[in-house]
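Worksheet for the structure shown next.
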Amino acid sequence: MGSRGIGSDIVFDTLEKLSSSIFINREVLRPDYIPDYLPHRQEEIRRLTEVLAPALRGERPSNIFIYGLTGTGKTAVVKYVLRKLQEYSRSKGLGSLYYAYVNCRQEDTTYRILTDLVLALGGRVPFTGLSTAEVFSRFKSVLERSGNLLIAVLDEVDFLVKKRGDELLYRLTRVNSELKRGKVSLVGITNDVRFMETLDPRVRSSLGEIEMVFSPYNADQLRDILAERASLAFKPSALSDGVIDYCASVAAREHGDARRALDLLRVSGEIAEREGKEVVTVEDVRRARDEIERDMVVDVVKTLPYHGKLVLLVIALAGGSFESTGDLYMKYRELARGLGAEPVTQRRVSDILSELDMLGIVTAKVINRGRYGKTRKVVLNVEPKALIKVFSNDPRISWVFKNSRDR
DNA sequence: CATCCACAGGAAGATCTGGTAG
DNA sequence: CTACCAGATCTTCCTGTGGATG
């Protein structure tokens, strides 16, 4: 701990603090980690394996449609089973099993989804510049040439259909009859209950050959999951009594979302660790909740288009809610003009509100006020103050606050 | 019990950016 | 280089609608 080499002292001290106190392996708490054991999902794993098993013989498994709320283990189970199938296939010398996992919320265009499917088959596609039809025909030719079976997992398919329609799904279900050699099996995952009803009947019957439903975890089950994962992630006795129970009960209240629970646990640990403590307390979990919310807000705001930010700001400045989109739009116009920007149309603001709603930062529910028309009631899901704080770091907006302070 | 409000939200397309193919 | 493509953002124009009220 000498005071020579000022820089390295800071580095060493920081590393010293980070290296030990709480975690053995925090990666196992990350949302994309697939554990070797999934508590309370054995039945689902067995069933999915049965359905996909024909793939090992090169036969096409039935298309599967999986429904369940967020954090009920749909993605984990599917990835788990596919990984195991691949391991099994290799160990028995049955050759490679081709599958593609695509999250349709992240890859939200037909083009990108097709690109991922081609990639999974070992083909190559530029990430932009071609027509979608061209990518689709490349997909088919790669399939045909190799004669392989591709299991295409489309996670959060409802986003694809909502944004682009069911054209792609329809065409994918048709591929099998168009090709002589290649085959495609679809695994659709969604958390939207009424998704199936919105589909074209042809697609519905084809995609829903087999259906599976994942029910939410209750608090006891969440506790098992957390305990299992915590034993891998944390040092023994790094968690004080009640931490796991508290995380489980928070997540159980939010419709049994295991991802939320694990996130909460990880962030709680990180908070305790940052402060050099050796034990995570319930208080740390409470602070983790706030921190997760803050991060969500910062992320959302960062990716929003300029007028999206203004709409959000208007809601925050109004104390977090509006009774109608008409009121909101008037206030928004004032703000935009005040900032020297040309306001966008009300139609566009309506779409922006839908986006904010989907991102979860706002709830925009359609209500009918009878004679007084139909509108959306908008409620901010986070603290207005927290939002305004984020905006005061945005150079295109923050000067408004500074100016109003000067005057 | 028909009317009619205040919008929702679909459809088509304009404009811009940033890319590919040949 | 030209011709073309998709995505993001936004506009214009539009049809549809639940339920309080007259």
Side-chain angles (χ1 to χ4, degrees), chain A residues 102-119 123-142 154 156 158-172 192 194-195 197-200 299-315 318 321-337 339-359 361-379 394 396-397:
Chain A
V102 185
N103 184 310
C104 302
R105 173 141 55 161
Q106 285 153 27
E107 317 293 319
D108 61 350
T109 69
T110 309
Y111 190 102
R112 283 211 283 270
I113 292 169
L114 281 170
T115 303
D116 282 2
L117 297 189
V118 174
L119 243 51
R124 282 170 51 81
V125 187
F127 67 91
T128 175
L130 302 182
S131 71
T132 313
E134 169 65 19
V135 184
F136 194 80
S137 75
R138 285 195 192 191
F139 167 65
K140 287 207 295 189
S141 73
V142 172
L154 302 176
E156 310 199 71
D158 46 317
F159 279 86
L160 166 66
V161 173
K162 229 172 278 166
K163 291 192 93 166
R164 316 280 149 175
D166 49 19
E167 170 82 16
L168 177 63
L169 281 183
Y170 176 65
R171 299 201 58 182
L172 284 175
D192 181 353
R194 295 193 321 286
F195 170 69
E197 298 163 19
T198 67
L199 286 179
D200 185 300
D299 277 0
V300 167
V301 170
K302 216 167 24 192
T303 59
L304 238 35
Y306 183 57
H307 289 281
K309 291 181 186 176
L310 295 189
V311 169
L312 203 49
L313 179 56
V314 143
I315 300 168
S321 70
F322 273 101
E323 286 304 310
S324 83
T325 43
D327 296 351
L328 190 156
Y329 185 63
M330 295 225 316
K331 290 283 181 196
Y332 155 79
R333 281 226 313 218
E334 280 173 31
L335 178 73
R337 294 238 163 83
L339 281 159
E342 192 56 33
V344 297
T345 56
Q346 183 159 352
R347 180 69 188 81
R348 175 60 186 151
V349 169
S350 168
D351 278 346
I352 288 173
L353 282 173
S354 303
E355 278 161 40
L356 293 175
D357 185 299
M358 278 214 299
L359 290 165
I361 197 167
V362 138
T363 305
K365 224 172 72 193
V366 179
I367 52 165
N368 275 287
R369 298 178 303 180
R371 162 125 311 193
Y372 303 106
K374 179 194 189 188
T375 186
R376 277 191 295 184
K377 190 182 154 102
V378 181
V379 182
D394 190 312
R396 286 181 75 186
I397 292 170

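These values consider heavy atoms only, across backbone and side chains, with no hydrogens, waters or symmetry-generated copies. All chains are named by letter (A, B, ...) in the order of the sequence lines, taking the proteins before the strands, and each is independently numbered beginning at 1. All of these numbers come straight from a predicted model, not from anything done at the bench.
- Partners of A:Q346 by side-chain hydrogen bond (donor to acceptor under 3.5 Å, both in side chains), not counting sequence neighbours: none found.
- Under the rule for a salt bridge (charged side-chain N to carboxylate O under 4.0 Å, His left out), A:R337 has no partner lying at least two apart in sequence or in another chain.
- Note on the helix from B:dC1-C:dG22 to B:dG22-C:dC1: terminal axis deviation equals 20°, with five pairs used at each end and the result rounded to 10°.
- For A:D299, there are no side-chain hydrogen bond (donor to acceptor under 3.5 Å, both in side chains) partners at least two apart in sequence or on another chain.
- A donor-acceptor pair under 3.5 Å is formed between the side chain of A:T375 and the backbone N or O of A:T325.
- Chain A approaches DNA chain C over the interval C:dC5 to C:dT21, counting the first and last nucleotide 5' to 3' with an atom under 4.0 Å from its heavy atoms.
- Using a cutoff of 4.0 Å between basic side-chain nitrogens and carboxylate oxygens, A:R347 and A:D351 are scored as salt-bridged.
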Tabulate atom names and distances for all N/O pairs under 3.5 angstrom spanning the protein and nucleotides 6-13 of chain B.
{"unit_1": "B:dA6", "atom_1": "N3", "unit_2": "A:K374", "atom_2": "N", "d": "3.1"}
{"unit_1": "B:dC7", "atom_1": "OP1", "unit_2": "A:S324", "atom_2": "OG", "d": "3.3"}
{"unit_1": "B:dC7", "atom_1": "O5'", "unit_2": "A:T325", "atom_2": "OG1", "d": "3.2"}
{"unit_1": "B:dC7", "atom_1": "O5'", "unit_2": "A:G326", "atom_2": "N", "d": "3.2"}
{"unit_1": "B:dC7", "atom_1": "O4'", "unit_2": "A:K374", "atom_2": "O", "d": "3.3"}
{"unit_1": "B:dC7", "atom_1": "O3'", "unit_2": "A:T325", "atom_2": "OG1", "d": "2.8"}
{"unit_1": "B:dA8", "atom_1": "OP1", "unit_2": "A:T325", "atom_2": "OG1", "d": "3.1"}
{"unit_1": "B:dA8", "atom_1": "OP1", "unit_2": "A:R376", "atom_2": "NE", "d": "3.2"}
{"unit_1": "B:dG9", "atom_1": "OP2", "unit_2": "A:R376", "atom_2": "NH1", "d": "3.2"}
{"unit_1": "B:dG9", "atom_1": "N7", "unit_2": "A:R347", "atom_2": "NE", "d": "3.2"}
{"unit_1": "B:dG10", "atom_1": "N7", "unit_2": "A:R347", "atom_2": "NH2", "d": "2.8"}
{"unit_1": "B:dG10", "atom_1": "O6", "unit_2": "A:R347", "atom_2": "NE", "d": "2.7"}

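- Partners of A:R348 under the salt bridge (charged side-chain N to carboxylate O under 4.0 Å, His left out) rule, at least two apart in sequence or in another chain, are A:E355.
- Evaluation of the salt bridge (charged side-chain N to carboxylate O under 4.0 Å, His left out) rule for A:E167 yields no partner, not counting sequence neighbours.
- Among residues two or more places apart in sequence or in another chain, the ring pair (Phe, Tyr, Trp, His ring centres under 6.0 Å) test is passed with A:F159 by none.
- Atoms CD1 and CG, from A:I113 and A:L160 in turn, are 4.5 Å apart once rounded to the nearest 0.5 Å.
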I'd like a list of close polar pairs between nucleotides 14-22 of chain B and the protein, N/O only, cut-off under 3.5 Å.
{"unit_1": "B:dT20", "atom_1": "O4'", "unit_2": "A:T128", "atom_2": "O", "d": "3.3"}

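- Applying the side-chain hydrogen bond (donor to acceptor under 3.5 Å, both in side chains) rule to A:D357 yields no partners; only residues at least two apart in sequence or on another chain are considered.
- A:Y332 is linked by a side-chain hydrogen bond (donor to acceptor under 3.5 Å, both in side chains) to A:H307, counting only residues two or more places apart in sequence or in another chain.
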